[in-house]
Amino acid sequence: MQPLATDTSIAVIGAGAMGSGIAQVAAQAGHRVFLLDQREGAAEAGRQGVAKQLQRRVDKGKMEQPVLDELLDRIKPIKELSELAEAGLVIEAIVEDLEIKRNLLANLEEMCGKSTILATNTSSISVTALGAKMKHPERLVGMHFFNPAPLMALVEVIKGLATSDEIAQRVYATAAQWGKKPVIATSTPGFIVNRVARPFYAESLRLLQEQATDSATLDAIVREAGGFRMGPFELTDLIGHDVNFAVTSSVFNSYFQDTRFLPSLVQKELVEAGRLGRKTGQGFYSYAEGAQKPEPATAEAASSDAAALIVEGNPGPLAALVTRFSESGLKIIERDGPGRLLFGDAVLALTDGRMATERAAAEASNNLVLLDLAFDYAKARRLAITAADQASSQAVNDACALLQKAGIAVSQVADRPGLVVMRTVATLANEAADAALHGVASISDIDLAMKAGLNYPEGPLRWSDNLGFSLLHTVLTNIQQSYGEDRYRPALLLRKNRFAEKGFYS
Ligand code: NAI
C-alpha cells in the first residue's frame, strides 16, 4: 500500500503535548500541516513549541536554518474547522473524552471530503466506540503516537470494528514513510503497549508490597540484570503515578476486572498522598533539591575456599554465566546431574518459579540458592539471588563469592516465587501471548511495539523463545501454584508451545 503523497495536507486538531508533536512529525516528513485548537492562541503556541524544539537542533549544527524555516512555513495554525477541508488526513489529539471526540468526528464528517482519512490519537478510548455514531466509521482509524511524538518511534495503528483494511494499511504506510515504526492492532483496551506492559509495573509493585526488597534494589535489578532502560519505580515516578494508576485501573476495569491487571494498593497510596513522582517532587524517590537517590542493597564482598565450580548437567540459560565464571579464571568441573551449579556449600539453580524454600524441600537440597534471570548473563552487572530458609549462611556466602568473582553485584531478595527479572519477563510474555491469542496484533508486531514504544531490550515473545519453549510456562505454572491465584494462569499459547516443542517464531 502506498503512503499518502507528500503533497497531501495533514490536519492536526488539538495543539497540546501530543498534537504539536504530531504536527512536527508530519511537517518534517514534508507535508503541509494545519494545526487547530479551540483554545485561543494554542495552535500558534504549538507551532512556537516546534520551532523551539528544532532550533536546538539548528544550534547544534544538526539542522540547517533554512530547512527549519521551510518546515515552520509548512505548519499553518488555523481557527476554523472549515479551513482544513482540503486535508487528506485529519488526526485528532484533543481531550480524552468520548463525547467530545464524537462531536468533533461528526463535524469533521460534515466538513471534509469523502476520501479524507480521520484518525484519532486516543490512548484509551475504543476506536469502535468513537466510530459508532459516524456516518462512515470505515474511514476512522486509530493513530496512536507515543510521547514525545517526534522522538518515540512507535505508532499503533488501531482498527475499530468498522475500520477499512485499506485505510489502516494506508495510515500504516504513511507512518512508516514518516520514519516511524508502525504496528497494526485491533481496538481492544490498552491496545498493545498499554496492555502488555502492565506486569512490568505490577509485579515489582507487588514484590515491594511483599517486602521482597526495597524500590531502589528492584529498580537496579531490573536495569542491571534485566537490561531494561529504567526500573519500574523510577519510570512510574517519571510518568506520574496518577497517570500510570489511571491507565492500570482503566485496563483492569475494561477487562471486567481480570485479576491479571489488578491495580496496586502501594501505588494508590502514593496517588492519595499526592506523591505523583517527579512532577510533585516526591514519588517513590524524593526529587527535592540535593536529595540523593537511595543505593540498591548489595551484598558485601565475600570470599570462599571453594576451588572449582561443579556444573551438574545442562545449566540451560545459565550456560553464559558458566562461561563468564570460566573466563574469570575459575576451574569448571562438568558432570551429569539435574542442571545446577555447586560452589562450596552453595547449590545454585535458575529460578523455575517456585520459592527456594519449597524447591529445597522437594529436591532435598537444603543449601539451595536460586539465581534470577538476566537479559544477558555475559554482561549483567547485577543479579538477584534468594536462598531457601533451610540454607546455611555459608551457602549464601559462597553464592555471593562466586558471582562477585565474575564482577557481578549481588542483591539478595526475600524468597518470593520467580524472583524479579524472571517474574517480570514471564508475566510480560504471558500477557503478550494472550494478546496474540486474542488477535490484538501479530506476534512480531507485539514484540516490535514493546521495543519501539518502551525501549524493552527484547520483545517478550522473542525473549520467551530465546529462553526455550517451555521455561516460562513452567515458571508461570509454579508461580500460579505458589499463590493459588488466577492472575498467573499461563497463557494458552505458552502451553501450546511447550507441547509442540516450538517457539513463537519457529
Ligand atoms: P493536552 O491537554 O496537552 O492537549 C489537548 C489539546 O486539545 C488542548 O490544547 C485543548 O485546548 C485542545 N482541545 C480540547 N478539546 C478540543 C476541541 N474540541 N477542539 C479543538 N481542540 C481541543 O493533551 P495531550 O496530552 O496532548 O493528549 C491529547 C490526546 O492524545 C488525548 O486523546 C490523549 O489520550 C492522547 N495521548 C496522550 C499521550 C500523552 O502521553 N500525553 C500519549 C498518547 C496519546
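Only this structure's heavy atoms are used, side chains among them; waters, hydrogens and symmetry mates stay out. First listed ligand is number 1; within each ligand, the first listed atom is number 1.
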Problem set entry | atom 43 (C) of ligand 1: nearest protein contact (heavy atom, Å) | F145 O, 3.2 Å
For this session: Identify whether NZ of Lys or CZ of Arg in R462 sits under 6.0 Å from the centre of the six-membered ring of Y505 and within 45° of that ring's axis.
Result: yes
For this session: Pull out every atom of ligand 1 sitting under 4.0 Å from any heavy atom of K101, numbered as shown with elements.
Result: 31 (C), 32 (O)
Exercise. Has the side chain of T477 got a donor or acceptor atom that lies under 3.5 Å from a matching backbone atom of H473?
Worked result: yes
Problem set entry | Electrostatic pair D486:R260 at N-O distance under 4.0 angstrom | no
Problem set entry | Heavy-atom nearest option to atom 14 (C) of ligand 1, drawn from D97, I22, V95 | V95
Problem set entry | Within-cut-off N or O pair, I94 and ligand 1, under 3.5 Å | yes
For this session: Please work out whether any backbone atom (N, CA, C, O) or any side-chain heavy atom from C-beta onward of F146 is under 4.0 Å from ligand 1, and answer side chain, backbone, both or neither.
Result: neither
Problem set entry | Charged tip of R206 within 45° of Y201 ring normal and under 6.0 Å | no
Seminar exercise, completed: Short version for I125: what comes under 4.0 Å of ligand 1, heavy atoms counted, is neither
Exercise. Below 3.5 angstrom, do we get any N/O pair linking A17 and ligand 1?
Worked result: yes
Exercise. Closest non-hydrogen protein atom to atom 5 (C) of ligand 1, residue and atom name please, with distance?
Worked result: A93 O, 3.7 Å
Exercise. Heavy-atom distance from atom 2 (O) of ligand 1 to the protein below 4.0 Å?
Worked result: no
Seminar exercise, completed: Residue set satisfying side chain to side chain donor-acceptor pair (under 3.5 Å) with E109, at least two apart, ordered chain then number -> none
Problem set entry | Which of the ligand 1 atoms, numbered from 1, are nearer than 4.0 Å to a heavy atom of R39 | 8 (C), 9 (O), 11 (O)
Exercise. Out of M18, M143, Q38, whose heavy atom is nearest to atom 27 (O) of ligand 1?
Worked result: M18
Exercise. Stepwise, does the salt bridge (Lys or Arg N to Asp or Glu O under 4.0 Å) test hold for K101 with E92?
Worked result: CA-CA 8 Å; K101 282 190 195 287; E92 75 76 17; 2.9 Å; yes
Problem set entry | Test of proximity, E96 against ligand 1: N or O pairs below 3.5 Å | yes
Problem set entry | Distance from atom 4 (O) of ligand 1 to nearest protein heavy atom, with residue and atom | G16 CA, 3.3 Å
Exercise. Looking only at side chains, do Y172 and Q177 share a donor and an acceptor under 3.5 Å apart?
Worked result: no
For this session: Provide, to 0.1 Å, the distance between atom 6 (C) of ligand 1 and the closest protein heavy atom, together with that atom's residue and name.
Result: D37 OD2, 3.5 Å
Exercise. Which atoms of ligand 1 are found less than 4.0 Å from any heavy atom of H144?
Worked result: 43 (C), 44 (C)
Can you give me every donor-acceptor pair (side chain of residues 181-188, partner residue at least two apart or in another chain, under 3.5 Å) with its distance?
unit_1, atom_1, unit_2, atom_2, d
T186, OG1, G439, O, 3.4
S187, OG, V127, N, 2.9
T188, OG1, T186, O, 3.3

Problem set entry | Nearest neighbour of atom 36 (N) of ligand 1 from the list N121, T120, N107, on a heavy-atom basis | N121
Exercise. Just which atoms of ligand 1 are under 4.0 Å from any heavy atom in I13?
Worked result: 20 (C)
Exercise. Given side chains that start at C-beta, do those of L36 and E83 come closer than 4.5 Å, heavy atoms only?
Worked result: no
Exercise. Does any N or O in the side chain of K293 come within less than 3.5 Å of the main-chain N or O of S286, such that one atom is a donor and the other an acceptor?
Worked result: no
For this session: Examine distances only and state if a side-chain atom of D434 and a backbone atom of N430 form a donor-acceptor pair shorter than 3.5 Å.
Result: no
